[in-house]
**Student:** 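Here it is, the structure in full.
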There are 2 protein chains.
Amino acid sequence: MAATSRSTESKSAKTIERVYKYVQKYIHENALSPSVRDICAGAGLKSTSSVHAYLRKLDEMGLIEYRPGMRRAIILKNTEGSEAPSESIPADVVRLTCLGKITAGVPIYAHEDESESFYINKSIIGSNDCFLLKVKGTSMINAHILDGDYLIIRKQDSCDEGDIIAALIGDEATVKRYGYLNGQPYLFPENELYSPIPFNTAECKVLGKVVGLHRYSIS
Amino acid sequence: MAATSRSTESKSAKTIERVYKYVQKYIHENALSPSVRDICAGAGLKSTSSVHAYLRKLDEMGLIEYRPGMRRAIILKNTEGSEAPSESIPADVVRLTCLGKITAGVPIYAHEDESESFYINKSIIGSNDCFLLKVKGTSMINAHILDGDYLIIRKQDSCDEGDIIAALIGDEATVKRYGYLNGQPYLFPENELYSPIPFNTAECKVLGKVVGLHRYSIS
DNA sequence: CTCCTTTCAGAACAAAAGTTTGACACATCG
DNA sequence: CGATGTGTCAAACTTTTGTTCTGAAAGGAG
């Protein structure tokens, strides 16, 4: 009985470490768990039963998770570089930063505030080439775009009739609806208090189309 | 012939995306690849051969790696190298999932849809005990809340006059403005076509206050 | 040297999971 | 209307892989 504890710690320790190392290596390299027979070859053992015993021991030691019956189901339970960190941003989520404020009469500022950035699913906005602008003013109130809203703008050079777009008029940025009046292109505010602005290509430039809106001041 | 390209993209696209999503989800959750039969159950297919075909297609599309014969050997071949998308969610960002649709006359569904969840900064909404509801109907159009908008609701039992809240009337959920009429509490729609609803504590229950709004259908 | 314990090997077994086949439903096209 | 193709399903079939069993080699202890 006294000899039991000594031998289990001494002789097998080497092999068990080799097995563990190999499992680590395999998962690291192949991003999938090795089979028992893989480990046989990799750790220099010729018997599946031996490997089986070691895997069980490693499970008891808490180093791996070895679910009975499941194929290639070893997962490393280490604190280190495991394959599934608690939570990370899915690949289809993109972070947008607010570039500045947009209105009739205010130019775009380079991002003034770190805290004004949001995470948005790519699939929702259809592209990851987007940016954020904060609305100043009420010129689009009839389109239900309010002062303080954040607009998600998908970058594009042109637009269709009826699109709500962000545009540069001279060096001022605004959000308006694009349309035609008497065959001429105009930028229409959605507020009776403002007048349509002729869209002439010399001074005007389409920044992008409004594809989303975030509002955090509800009243 | 002309229709070929369309049909191959349309009908199977839904299912293949469902399969892909499930594989992603499974691997994320369990850190090991699902079996074909797992995917059957998870993606609503009843035949292993269908799944098999989809997996092959996904392999061809370069989205996954599917080695023939190997058990549980699907690995995601994401655009960004491996499993770790370098960037992780900052501590002050919380993920909200859409619980269902809210309107005059429709109960809350608890449908879990991957695509309908957003990441939002805690600091913006002031709390992490929030949830998401999708607006159905136009009863709050004068408050610039439209059909299809996603509302961020901060859970709370009571509210102040003037707050826009999500409330349960009987077993129907709606969003309305809370206020008083002749000393009695009412839920006010913001649309002339609807009438205020008396708020009696026997049938009505405050779910929470609307603190944010996301809109992805701009028109 | 014999007994005992530990460890490994080889084989056999059982179950899980990948693969294939054929059939049916449905739509599209000529 | 029939021909073709696609998507799905059900049921086999095959392979891989986890598990167990028995026995043999190795090394100490008495």
Side-chain angles (χ1 to χ4, degrees), chain A residues 1-20 22-23 26-27 30-61 63-76, chain B residues 1-23 26-27 30-61 64-76:
Chain A
M1 301 300 182
T4 313
S5 63
R6 199 177 64 233
S7 62
T8 39
E9 300 279 347
S10 65
K11 179 111 194 217
S12 68
K14 265 188 185 173
T15 338
I16 203 172
E17 194 183 327
R18 216 167 57 239
V19 169
Y20 182 54
Y22 182 74
V23 171
Y26 192 103
I27 291 184
N30 302 304
L32 68 91
S33 166
S35 72
V36 172
R37 284 165 181 84
D38 285 334
I39 303 173
C40 267
L45 291 170
K46 286 175 188 167
S47 167
T48 56
S49 62
S50 308
V51 174
H52 193 254
Y54 282 122
L55 289 178
R56 237 190 228 162
K57 211 170 274 182
L58 281 169
D59 189 4
E60 281 172 22
M61 293 163 70
L63 289 174
I64 65 170
E65 201 172 318
Y66 184 54
R67 304 225 217 37
M70 280 212 165
R71 273 75 180 150
R72 293 186 182 272
I74 301 171
I75 52 187
L76 299 173
Chain B
M1 298 309 175
T4 312
S5 64
R6 201 179 60 231
S7 66
T8 41
E9 302 276 348
S10 66
K11 181 107 194 231
S12 68
K14 262 190 188 172
T15 337
I16 203 172
E17 193 184 325
R18 217 167 56 238
V19 169
Y20 182 54
K21 281 269 172 70
Y22 182 74
V23 171
Y26 192 102
I27 292 184
N30 303 308
L32 70 92
S33 165
S35 70
V36 173
R37 284 166 181 82
D38 283 336
I39 303 173
C40 266
L45 292 170
K46 285 176 189 167
S47 169
T48 55
S49 64
S50 307
V51 174
H52 193 254
Y54 281 121
L55 290 178
R56 236 188 228 161
K57 209 171 277 180
L58 281 170
D59 190 3
E60 280 172 22
M61 292 164 70
I64 65 170
E65 202 172 317
Y66 185 54
R67 303 220 212 49
M70 281 212 165
R71 271 75 179 151
R72 293 185 182 273
I74 301 170
I75 54 187
L76 298 173

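Residue numbers start from 1 in every chain, and the chains themselves are labelled A, B, ... in the order their sequence lines are given, proteins ahead of strands.
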**Student:** Would you name the heavy atoms of A/S33 and A/I27 that are closest together and state the gap between them?
**Tutor:**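 Closest pair (atom of A/S33, atom of A/I27, distance): CA-CG1, 4.0 Å.
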**Student:** In whole angstrom, what separates A/R18's CZ from C/dT7's C1'?
**Tutor:**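 Nearest whole value for this atom pair: 13 Å.
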**Student:** Rounded to whole angstrom units, what separation is found between the CG atom of B/L55 and the C1' atom of D/dG7?
**Tutor:**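 Spelled out: CG on B/L55 to C1' on D/dG7 is 15 Å.
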**Student:** Is it true that A/R72 and A/D38 have a side-chain N and a carboxylate O under 4.0 angstrom from each other?
**Tutor:**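 Yes, this pair counts.
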**Student:** Between C/dA9, D/dT19, C/dT19, which one does the side chain of B/Y66 approach most closely?
**Tutor:**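 Looking only at heavy atoms from C-beta outward on B/Y66, the closest nucleotide is C/dT19.
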**Student:** Counting just side-chain N and O atoms, does A/Y54 come under 4.0 Å of either OP1 or OP2 of C/dC8?
**Tutor:**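 Yes, A/Y54 has a side-chain N/O under 4.0 Å of OP1/OP2 on C/dC8.
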**Student:** For the pair made of NZ in A/K46 and P in C/dA11, what is the distance, rounded to whole Å?
**Tutor:**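 About 12 Å, once rounded to whole Å.
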**Student:** For A/I74 and D/dT17, what is the distance between atoms CD1 and P respectively, to the nearest whole Å?
**Tutor:**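 Rounded to whole Å, this separation is 12 Å.
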**Student:** Below the 4.0 Å mark, does D/dT19 have OP1 or OP2 next to a side-chain nitrogen or oxygen of A/H52?
**Tutor:**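 Answer yes for this pair, as a side-chain N or O of A/H52 is under 4.0 Å from OP1 or OP2.
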**Student:** Given that B/R72 and B/S49 both sit by DNA chain C, which one's nearest nucleotide is further toward the 5' end?
**Tutor:**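 Comparing both residues, the 5'-ward one is B/R72.
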**Student:** For B/L45 and B/S50, work out which heavy atoms get closest and say how close.
**Tutor:**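 Scanning both residues completely, I find the closest heavy atoms to be CD1-CB, 4.2 Å.
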**Student:** Rounded to whole Å, how long is the line connecting atom CD1 of A/I39 with atom P of D/dT16?
**Tutor:**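 About 17 Å, once rounded to whole Å.
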**Student:** Just checking A/S35: base, sugar-phosphate only, or nothing, at a heavy-atom cut-off of under 4.0 Å?
**Tutor:**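 A/S35: backbone/sugar contact only, no base atoms under 4.0 Å.
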**Student:** Taking all non-hydrogen atoms of both residues, which atom of A/D59 and which atom of A/E65 are closest, and how far apart?
**Tutor:**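 Smallest interatomic distance, heavy atoms only, reads OD1-CA, 4.0 Å.
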**Student:** Grab the CZ-P distance between B/R56 and D/dG7 for me, whole Å please.
**Tutor:**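 Roughly 14 Å, once rounded to whole Å.
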**Student:** Between B/E17 and B/K21, does at least one N-O distance fall below 4.0 Å, as a salt bridge requires?
**Tutor:**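 Looking at B/E17 and B/K21, the cut-off is met.
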**Student:** Tell me the interatomic distance from B/I64, atom CD1, to C/dG18, atom C1', rounded to whole angstroms.
**Tutor:**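 The answer, rounded to whole Å, is 13 Å.
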**Student:** Mapping B/S47 and A/S33 to their closest nucleotides on DNA chain D, which lands nearer the 5' end?
**Tutor:**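 The residue whose closest nucleotide sits nearer the 5' end is B/S47.
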**Student:** Could one point to a donor on the side chain of A/R71 or the base of C/dA15 with an acceptor on the other under 3.5 Å away?
**Tutor:**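 Checked by distance alone, the answer is yes.
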**Student:** Establish whether the base of C/dT19 is bridged to the side chain of B/T48 by a donor-acceptor pair shorter than 3.5 Å.
**Tutor:**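 Answer is yes: a donor-acceptor pair is held.
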**Student:** Figure out the CG/C1' separation between B/L32 and C/dA16, and round it to whole Å.
**Tutor:**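 Taking atom C1' of C/dA16 as the reference, CG of B/L32 is at 14 Å.
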**Student:** So which one's nearest nucleotide on DNA chain C is more toward 5', A/L45 or A/R37?
**Tutor:**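 Nearer the 5' end of the strand: A/L45.
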